[in-house]
Amino acid sequence: MSALIDPFGRHITYLRLSVTDRCDLRCVYCMSERMSFLPKAEILSFEEIDRLCAAFIKRGVRKLRLTGGEPLLRRDFTDLTRTLSRHLRTGALDELTLTTNATRLSHHADDLAAIGVKRVNVSLDTLDAETFARITRKQKLGDVLEGVEAARRAGIAVKINTVALKHDNAHELPALVAWAHERGMDITLIETMPLGAVEEDRTDQFLSLAEVKRAFEEIWTLDAIPHRSGGPARYVHVRETGGRLGFITPLSHNFCADCNRVRLTCSGRLYMCLGQDDHIDFREALRAGACEAELDALIARAMRQKPAAHNFAIGEASAAPALARHMSVTGG
Ligand code: SAM
Ligand code: SF4
């Protein structure tokens, strides 16, 4: 079967799959305080997810990332991961991983390690309990830190993802980087993206990572390194801490030319770009009884429709989101 190559010659080898839109946190840049979530019937079932993943893997997807909402909130998450892990054993998949807020990671870490999950991304914007409660609207920093430790004890490599926020954590970023590096963890900083309506004004919280990098250069020596995780992050090695630090700058730079991924929502929509609205409805096809060849034809159509680049911009003039859907729907 032929590889997935889009009209711009990019090989698509990475599928990110949101397994639920629900979350136990309400991060201010991601969700509104009172979110309405999808009814269960609209969410892809275990079997539907399994079938779709198999179809993508057959076409050359080598990396699968489960995300959400909070993936560990899905009741059958461990069983689902275990079932998907058969593709690791056959060698069809290089990596099965997840992005989590880690509030429940301590309960899952040993199972995930046994299943074959070798790395996880943990989202953490602060080490201060009060700031954590302000950003996430919940008091769960202790659970997150326990989750991080449990994963490390289980032998899972943890990468920390931190959204840079002008008012909430700008001053704390060096401490957060030092904390991660002391524990041998990579850390990646992310600029806020205008996805979904939230109560806060994102223009107000937007912090350019170019500015953050300049501030780091006053205290540390940053050596550019060629390390690439197959994503939009650009890495440096911090000489003084000995750790790796990534920057994801969707707004101040875009790296769409290297994009190797597509995203499937928990309701079965495949978005060819995080920053565009064009999508293909796989749930409809599955529930209409599509056979393997029909699913394959839809995947091929998706490749033809993958756009060259995203449309993000945080304008001075407008705090309105560039896209109506929340990150928790598409999966980060
Ligand atoms: N709940 C899990 C978590 O927080 O890791 C997985 C889903 S979450 C949507 C994935 C990532 O998206 C998180 O690292 C989060 O910080 C990031 N994110 C959410 N909304 C964002 C936004 N508007 N701009 C930038 N990053 C965002
Ligand atoms: Fe939940 Fe993750 Fe969104 Fe925070 S960023 S509200 S943890 S889905």
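Indexing begins at 1, ligand by ligand and atom by atom, following the structure's order. If you read the sequence from its start, that first residue is 1, and numbering goes on from there.
The pair Asp94-Arg62 meets the salt-bridge criterion, since a charged nitrogen lies less than 4.0 angstrom from a carboxylate oxygen. With salt bridges taken as basic N to acidic carboxylate O contacts below 4.0 Å, none links Lys140 and Asp143. Salt bridge status for Arg104 with Glu70: absent, with no side-chain N to carboxylate O gap under 4.0 Å. Between Glu149 and Arg152 there is a salt bridge, with a side-chain nitrogen of the basic residue lying less than 4.0 Å from a carboxylate oxygen of the acidic one.
Some N or O of Gly69 is nearer than 3.5 Å to an N or O of ligand 1, by distance alone. Polar contact check, Glu70 against ligand 1: a nitrogen or oxygen pair lies under 3.5 Å apart. The shortest N/O to N/O separation between Ser123 and ligand 1 falls below 3.5 Å. Below 3.5 Å of separation, one finds no N or O of Cys30 facing any N or O of ligand 1. Of the N or O atoms in Thr67, none lie within a sub-3.5 Å distance of an N or O in ligand 1. Residue contacts with ligand 1: Asn121 is placed with no nitrogen or oxygen under 3.5 Å of a nitrogen or oxygen of the ligand (distance criterion only).
When non-hydrogen atoms are compared, ligand 1 lies under 4.0 Å from the backbone of Thr100 (N, CA, C, O) but not from its side chain. Here Thr99 has heavy atoms under 4.0 Å from ligand 1 in both its backbone and its side chain.
For the residue pair Lys159 and Thr188, a side-chain donor N or O sits within less than 3.5 Å of a side-chain acceptor on the partner.
Those atoms of ligand 1 with a heavy atom of Glu191 less than 4.0 angstrom away are 25 (C). Of all atoms in ligand 1, listed by their number and element, those nearer than 4.0 Å to a heavy atom of Asn101 are 2 (C), 3 (C), 5 (O). Which parts of ligand 1 touch Gly68 is read off a 4.0 Å heavy-atom cut-off, strictly below it: atoms 7 (C), 9 (C).
Not a single heavy atom of Met31 sits under 4.0 Å from any atom of ligand 1.
Between Phe77 and His108, the angle of the ring planes goes over 60°, which puts this pair in the perpendicular group of the 30/60° scheme.
Among the atoms of Cys30, an N, O or S atom falls under 2.8 Å from atom 3 (Fe) of ligand 2. In summary, Cys23 places no N/O/S atom under 2.8 Å from atom 4 (Fe) of ligand 2, failing the contact criterion.
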